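Just so it is clear, the structure is predicted and the values come from calculations on it, not from any experiment.
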Amino acid sequence: MTRVDWASHPAVRKLSVLMALINQSEGKSFSEMIPSIIEANKHLTAMGLAFTNDEIKLIFDVMKKDMSEEEMKQFNKLRSLMNLPTWL
């Protein structure tokens with residue numbers, strides 16, 4: 001039987017980046033999280049990975065839930081800078 005290399009699987013690597021982002025974002029406002037979000041995106045890109053549109057939608061749906069109007073403006077600006085889909 002072949003041993004599964006969990007650590008190198010793309011889904012596990014994405015999850016690792018997402019968990020790091022969650023840990024770094026604990027208790028922060030959206031504007032305080034922006035550098036961590038950008039860094040997570042760069043990290044994924046460096047690994048040759050990217051979140052799918054469905055994964056991005058899920059992540060941002062969770063983040064948008066408690067945003068103020070000003071944070072929504074920042075969110076939309078970041079979304080456009082990161083070339084994320086407009087349906088977010």
Point-to-point distance, once rounded to the nearest 0.5 Å, from CG of N53 to NZ of K57: 11.0 Å
From L58 CG over to D54 CG, what is the distance, rounded to the nearest 0.5 angstrom? 9.0 Å
Could you give me the CA-CA distance, side-chain angles and deciding distance for M33 and M63, then say whether side chain to side chain contact (heavy atoms under 4.5 Å, CB included) is met? CA-CA 10 Å; M33 290 171 45; M63 292 174 65; 3.3 Å; yes
OG1 (T45) and NE2 (H43) are apart, to the nearest 0.5 Å, by 10.5 Å
Supply the atom-to-atom distance L21 CG to L44 CG, rounded to the nearest 0.5 angstrom. 9.5 Å
Check for a donor-acceptor pair, side chain of K28 on one end and backbone N or O of Q24 on the other, with a separation under 3.5 Å. yes
Roughly how far, to the nearest 0.5 Å, is CZ of F51 from CG of L18? 5.0 Å
Over all atoms of both residues, closest heavy-atom pair of E71 and S29: OE2-CB, 3.4 Å
Is there a donor-acceptor pair closer than 3.5 Å between any side-chain N or O of S8 and the backbone N or O of D5? yes
Hydrophobic cluster membership, M19 vs V17, 4.5 Å side-chain cutoff: yes
So how far is it from N41 CG to S36 OG, rounded to the nearest 0.5 Å? 12.5 Å
